[in-house]
Amino acid sequence: MSYSKPPGYLALSGGVGGARLVLGLAQLLPPEQLTVVANTGDDFRHLGLVICPDLDTLLYTLAGWNNPQTGWGQSDESWNFLDGLAKLGGETWFRLGDRDMATHLMRTQLLAEGRSLSEVTAQLSVRMGVKHSVVPMTDDPVQTFVCTREVRTRDTSAEQRTRLAFQHYFVRDACEPQVERFEFEGIAAAAPSPGFMAALEARPAAVIICPSNPFVSVDPVLNIPGVQAGIKATAAPLIAVSPIVGGQAIRGPAAKMMAELGMPQTALGVAQYYVESYGDLLSGFVLDQQDESLQDEIAALGLATSVTNTVMSGLRDKTNLAAHLLDFAARL
Ligand code: FO1
């Protein structure tokens with residue numbers, strides 16, 4: 001008697017916003033029914049360490065180690081390492097807590113021993129007691145660069161364009177420069193990670209785009225060669241949750257980026273961007289109750305739509321949104 005394994009779900013996530021929904025999904029789905037694919041475009045080498053922020057936010061969130069205030073790093077943190085680094089005149093703009101440092105050191109060491117990022121992530125998951133499968137989008141190097149334009153207030157003719165490494169834009173420069181476009185260096189030669197491919201080949205019941213930044217968290221994942229074809233081949237509905245609620249991003253620079261890219265900073269603007277970028281790959285869009293008035297315009301893009309509370313503060317909100325998503329997916 002062969003019991004057909006119930007189909008699983010695939011969640012594509014960046015950092016904070018995505019991790020909240022992933023925690024909700026993890027309350028409802030057993031480990032064998034959920035694979036979380038993390039954006040690795042934010043990754044960078046710093047102080048000789050390989051740092052993978054979105055992977056760590058997801059692992060820490062599922063392990064219960066995360067710092068809910070910042071959305072990154074660990075709770076109960078101490079900062080002696082950073083204080084020591086400051087005394088030596090080292091770079092302290094990227095804040096590394098003492099407990100967080102252990103993760104970066106172990107990851108850097110395991111990678112240096114020749115393991116793939118997927119293998120290292122699996123090891124860290126076990127050591128953190130994370131049961132659900134969190135995988136990098138790829139084991140190949142992909143680095144997000146933010147191409148910005150600094151319009152000098154006085155002399156507007158002297159537009160200075162710069163190409164910033166993601167963490168320089170996001171942390172060192174506090175997302176202040178005006179974005180013009182993004183580059184994902186290395187992506188043309190990147191392959192989806194083994195866990196990502198396996199989850200697609202296992203014909204998931206649905207693929208969920210978490211409420212992450214469309215440009216620097218979602219686009220890197222969907223633009224890895226083979227991913228869009230892989231999603232299409234699953235015949236599973238691809239559903240996005242809007243990261244913009246009431247004209248604001250819950251966290252991070254998504255709304256500011258949309259303004260600088262000339263897009264309406266609304267859930268409709270996000271839906272339009274996804275449809276323009278991915279055509280009919282996307283079949284469903286979930287928007288917040290505050291944006292209910294946009295539902296018909298979003299549906300007119302050819303998307304099935306669903307309205308619910310997408311602002312997640314407590315665990316109940318996360319679980320409710322996850323349940324709503326699974327129910328919505330089942331109806332597509
Ligand atoms: N984000 C900040 O805004 N300031 C920081 O000092 C900072 C340190 C940091 C350390 C480890 C880590 O995994 C993430 C960290 N982040 C910090 C977040 C990081 O910039 C991520 O790329 C964002 O979370 C966007 O996904």
Side-chain angles (χ1 to χ4, degrees), residues 11-23 36-63 65-83 85-86 90-108 111 117 120-121 124-125 128 130 134 136-137 141-146 164-177 179 182 184-185 209-221 243 249-257 312:
L12 313 181
S13 176
V16 192
R20 290 195 179 127
L21 173 56
V22 163
L23 188 58
V36 183
V37 176
N39 164 47
T40 56
D42 291 9
D43 297 3
F44 76 134
R45 208 171 179 86
H46 182 59
L47 306 173
L49 300 166
V50 178
I51 296 179
C52 304
D54 289 349
L55 274 168
D56 287 349
T57 291
L58 287 160
L59 290 175
Y60 289 161
T61 299
L62 290 172
W65 296 8
N66 64 304
N67 176 334
Q69 276 73 40
T70 53
W72 50 267
Q74 296 191 27
S75 48
D76 306 325
E77 205 33 297
S78 54
W79 303 92
N80 297 307
F81 158 74
L82 210 61
D83 292 347
L85 187 64
E91 283 186 79
T92 57
W93 58 270
F94 194 76
R95 298 183 52 69
L96 293 163
D98 297 336
R99 295 178 190 281
D100 193 32
M101 274 297 288
T103 304
H104 306 311
L105 284 165
M106 183 169 279
R107 172 180 284 121
T108 303
L111 286 168
L117 185 55
V120 171
T121 306
L124 289 172
S125 300
M128 295 182 193
V130 172
V134 177
M137 64 184 194
V142 175
Q143 274 209 303
T144 298
F145 284 85
V146 182
L164 295 172
F166 180 79
Q167 297 301 343
H168 285 169
Y169 164 80
F170 190 88
V171 181
R172 192 197 59 190
D173 302 348
C175 304
E176 271 149 26
V179 303
F182 305 94
F184 308 129
E185 194 168 276
I209 298 176
C210 292
S212 299
N213 186 304
F215 316 108
V216 294
S217 296
V218 177
D219 282 349
V221 181
I250 302 295
R251 294 287 290 253
K256 177 176 182 286
M257 289 178 170
M312 299 171 276

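Heavy atoms only: backbone and side chains are in, while hydrogens, waters and symmetry mates are out. One-based numbering, in listed order, for ligands and for the atoms of each. Sequential numbering from 1 along the given sequence is applied to the chain's residues. For clarity, every value in this text was computed on a predicted model and none was experimentally measured.
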Exercise. Measure the shortest side-chain to side-chain distance between Ile51 and Gln167 over non-hydrogen atoms and say whether it is less than 4.5 angstrom.
Key: no
Quiz prompt | side chain to side chain donor-acceptor pair (under 3.5 Å) partners for Tyr60, two or more places apart | solution = Gln74, Asp100, Thr103
Quiz item: What is the ring orientation for Phe166 with Tyr169, classed by angle as parallel under 30°, tilted 30 to 60°, or perpendicular over 60°?
Solution: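 Taking Tyr169 first and then Phe166, their aromatic rings sit tilted (interplane angle of 30° to 60°).
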Could you check ligand 1 for N or O atoms lying under 3.5 Å from protein N or O atoms and list the pairs with distances?
from     : atom 1 : to     : atom 2 : distance (Å)
ligand 1 : 1 (N)  : Trp72  : NE1    : 3.3
ligand 1 : 6 (O)  : Arg95  : N      : 3.0
ligand 1 : 20 (O) : Gln167 : OE1    : 2.7
ligand 1 : 22 (O) : Asp42  : OD2    : 3.0
ligand 1 : 22 (O) : Gln167 : NE2    : 2.9
ligand 1 : 26 (O) : Asp42  : OD2    : 2.9
ligand 1 : 26 (O) : Asp54  : OD1    : 2.8

Practice problem: Mind listing the closest non-hydrogen atom pair of Val22 and Ala11 along with its distance? | Solution: CG2-CB, 4.4 Å
Quiz item: Quick one: side chain to side chain contact (heavy atoms under 4.5 Å, CB included) partners of Ala19, sequence neighbours excluded?
Solution: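 Only Thr57, Leu58, Thr61 meet the side chain to side chain contact (heavy atoms under 4.5 Å, CB included) criterion with Ala19.
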Practice problem: Tell me, please, which residues at least two apart from Asp219 pass side chain to side chain contact (heavy atoms under 4.5 Å, CB included). | Solution: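 So Asp219 forms a side chain to side chain contact (heavy atoms under 4.5 Å, CB included) with Phe184, Phe215, Asn223, Tyr273, Tyr278.
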